[in-house]
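The structure appears right after this line, and notes come after that.
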Amino acid sequence: NHKNILFFTNYGKVYRLKAYQIPEASRTARGISIRNLLPLAQNEKVVSTLAVDDFDRESTDKNIIIATRKGLIKKTALSEFASTRRDGLKAINLNEGDSIVQVKLTNGNDDVLLVTKKGMTIRFCETDVRRMGRGAAGVKGITLKEGDEVLDMVIVKQGEKLLLVTEDGYGKRTSYENFSRQHRGGKGLIGMKVNEKTGIVAAARGVEEDEEVLIVSAEGQAIRVKAKDVSEQGRPTMGVIVMRLSAGDKVTAIAIID
């Protein structure tokens with residue numbers, strides 16, 4: 001309840017609330033509009049959130065890593081987000097047509113793995129990215145093929161495997177050992193084989209075997225599955241059906257449950 005929730009928007013801004021300031025509701029409740037809680041501009045939308053215990057100004061190892069749709073990556077010291085204003089702070093200087101896709105907290109020596117909609121991946125150490133101020137634009141994290149864009153970002157952790165789920169309900173787990181570390185900015189490796197049957201990648205997460213996965217669709221349907229029951233496969237494979245969807249419905253998000 002006392003954690004700080006950071007809300008990052010498509011305008012490259014960040015807002016902050018305490019968790020207890022967000023009204024609690026039941027599983028089936030609709031909730032309230034985020035615009036009742038944050039002073040968002042007319043076309044501004046929240047695209048990623050991050051929970052932070054505190055903002056220790058003495059800490060020198062904690063970073064916030066931001067990934068953008070067009071393949072840029074940016075690292076900023078956590079302490080730079082300690083101050084807040086009612087109308088938010090600039091978190092990244094976005095180029096025209098670009099937007100934030102994911103934000104993660106790192107310890108200074110983590111490996112970052114970017115995942116694109118067409119199933120490409122690249123893994124590199126965060127030390128390959130220098131620290132920048134909040135107003136900077138970032139550097140190239142992955143070279144994208146025409147028509148592709150970054151969909152998600154995962155921080156590599158020991159004991160976890162990469163879980164990928166597509167829009168049409170296909171999913172798989174893959175060991176991080178299959179993703180060799182590269183220098184940032186490269187074209188990366190195939191992380192999942194996608195086609196008309198599977199649809200594009202919808203979400204990526206690191207998951208342990210004893211955790212559960214909540215998969216949610218655009219029409220509000222949800223399914224909860226054990227991570228260990230999702231097939232473990234190699235990189236250039238398409239996975240298996242993990243959620244059956246009604247006609248026209250698509251997977252939009254996944255969450256990991258301890």
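Any value given below was found using the heavy atoms of this structure, including those in side chains, with hydrogens, waters and symmetry copies removed. Please read these numbers as outputs of a predicted model, since none were measured by experiment.
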**Request:** Could you tell me whether the side chain of K104 reaches within less than 4.5 Å of the side chain of I64, counting heavy atoms only?
**Result:** no

**Prompt:** How long is the span from the CG atom in N4 to the CZ atom in R16, to the nearest 0.5 Å?
**Reply:** 4.5 Å

**Cluster check L94, L6: I/L/V/M/F/W/Y, side chain < 4.5 angstrom** = yes

**Message:** Would the distance check show the side chain of K74 and the main-chain N or O of R134 forming a donor-acceptor pair, the cut-off being under 3.5 Å?
**Reply:** yes

**Request:** State whether a side-chain donor-acceptor pair under 3.5 Å links E126 with N63.
**Result:** yes

**Message:** Please determine whether the number of non-hydrogen atoms from other residues, nucleotides or ligands lying under 6.0 Å from atom NZ of K18 exceeds 12.
**Reply:** yes

**Fill in**
In short, G141 meets F124 closest at the heavy-atom pair O-CE2, 3.7 Å

**Request:** Identify whether I256 and V230 are in the same connected component of the hydrophobic contact network (ILVMFWY, side-chain heavy atoms under 4.5 Å).
**Result:** yes

**Item:** ILVMFWY cluster, V207 and V251 together (side-chain gap under 4.5 Å)
**Value:** yes

**Prompt:** Can you check whether V103's main-chain N or O pairs, donor with acceptor, with S48's side chain at less than 3.5 Å?
**Reply:** yes

**Request:** Have a look at I122 and tell me which of V112, T143, L114, T116 forms a side chain to side chain contact (heavy atoms under 4.5 Å, CB included) with it.
**Result:** L114

**Request:** Report yes or no: do F81 and V46 belong to one cluster of Ile/Leu/Val/Met/Phe/Trp/Tyr joined by side chain heavy-atom distances under 4.5 Å?
**Result:** no

**Prompt:** Taking atom CD of E24 as the centre, does the number of heavy atoms from other residues, nucleotides or ligands within less than 6.0 Å exceed 12?
**Reply:** no

**Closest approach of E160 to E208 (non-hydrogen atoms, all atoms of both residues)** = CG-CG, 3.6 Å

**Prompt:** Same cluster or not: are I200 and I254 linked, directly or through other Ile, Leu, Val, Met, Phe, Trp or Tyr residues, by side-chain heavy atoms under 4.5 angstrom apart?
**Reply:** no

**Asked** Do side-chain atoms of R184 reach the backbone of I73 as a donor and acceptor pair under 3.5 angstrom?
**Response** no

**Message:** As an exercise, state the distance from CG of L72 to CG of N95, rounded to the nearest 0.5 Å.
**Reply:** 6.0 Å

**Reference residue V115; test side chain to side chain contact (heavy atoms under 4.5 Å, CB included); the match among V150, V101, T121** = T121

**Item:** NZ (K193) with more than 12 external heavy atoms under 6.0 Å
**Value:** no

**Message:** For the CG atom of L50 and the NZ atom of K3, what is their distance to the nearest 0.5 Å?
**Reply:** 9.5 Å

**Message:** As an exercise, state the distance from CG of L78 to CD1 of I65, rounded to the nearest 0.5 Å.
**Reply:** 11.5 Å

**Asked** Is the shortest heavy-atom distance from the side chain of K117 to the side chain of D148 under 4.5 Å?
**Response** yes

**Asked** Can you find a heavy atom in the side chain of L37 that is under 4.5 Å from one in the side chain of Y15?
**Response** no

Side-chain atoms of residues 240-248: list all donor-acceptor pairs with protein atoms under 3.5 Å, sequence neighbours left out, distances to 0.1 Å.
| from | atom 1 | to | atom 2 | distance (Å) |
| --- | --- | --- | --- | --- |
| S246 | OG | E219 | OE1 | 3.4 |

**Prompt:** Got a second to check how far E146's CD is from K118's NZ, nearest 0.5 Å?
**Reply:** 7.5 Å

**Fill in**
Exactly one candidate in K226, K228, R224 meets side chain to side chain donor-acceptor pair (under 3.5 Å) with E212; the answer is R224

**Prompt:** Is D110 salt-bridged to K157, going by a charged N under 4.0 Å from an acidic O?
**Reply:** no

**Complete:** Scanning both residues in full, the closest heavy-atom pair of R123 with V156 reads NH2-CG1, 3.7 Å

**Message:** Tell me the closest heavy-atom pair linking T174 and Q233, and the distance in Å.
**Reply:** OG1-O, 3.0 Å

**Prompt:** With distance as the sole test, does T198 use its side chain to make a donor-acceptor pair with the main-chain N or O of M238 at under 3.5 Å?
**Reply:** no

**Request:** State which residue, out of V201, I190, V194, fulfils the side chain to side chain contact (heavy atoms under 4.5 Å, CB included) condition with M120.
**Result:** I190

**Prompt:** Nearest 0.5 Å, what's the CG-CG distance between L113 and D152?
**Reply:** 10.0 Å

**Request:** Of all the heavy-atom pairs spanning D111 and R181, show the shortest one and how long it is.
**Result:** OD1-NH2, 2.8 Å

**Message:** When you compare the side chains of R69 and S99, does any donor N or O come within less than 3.5 Å of an acceptor on the partner?
**Reply:** yes

**Request:** Kindly state whether the ring of Y20 and the ring of H2 have centres lying under 6.0 angstrom apart.
**Result:** yes

**Message:** Please check: side-chain N/O of K145 versus main-chain N/O of K187, any donor-acceptor pairing under 3.5 Å?
**Reply:** no

**Message:** How close do L189 and Q182 get, counting heavy atoms only, and between which atoms?
**Reply:** CG-OE1, 4.1 Å

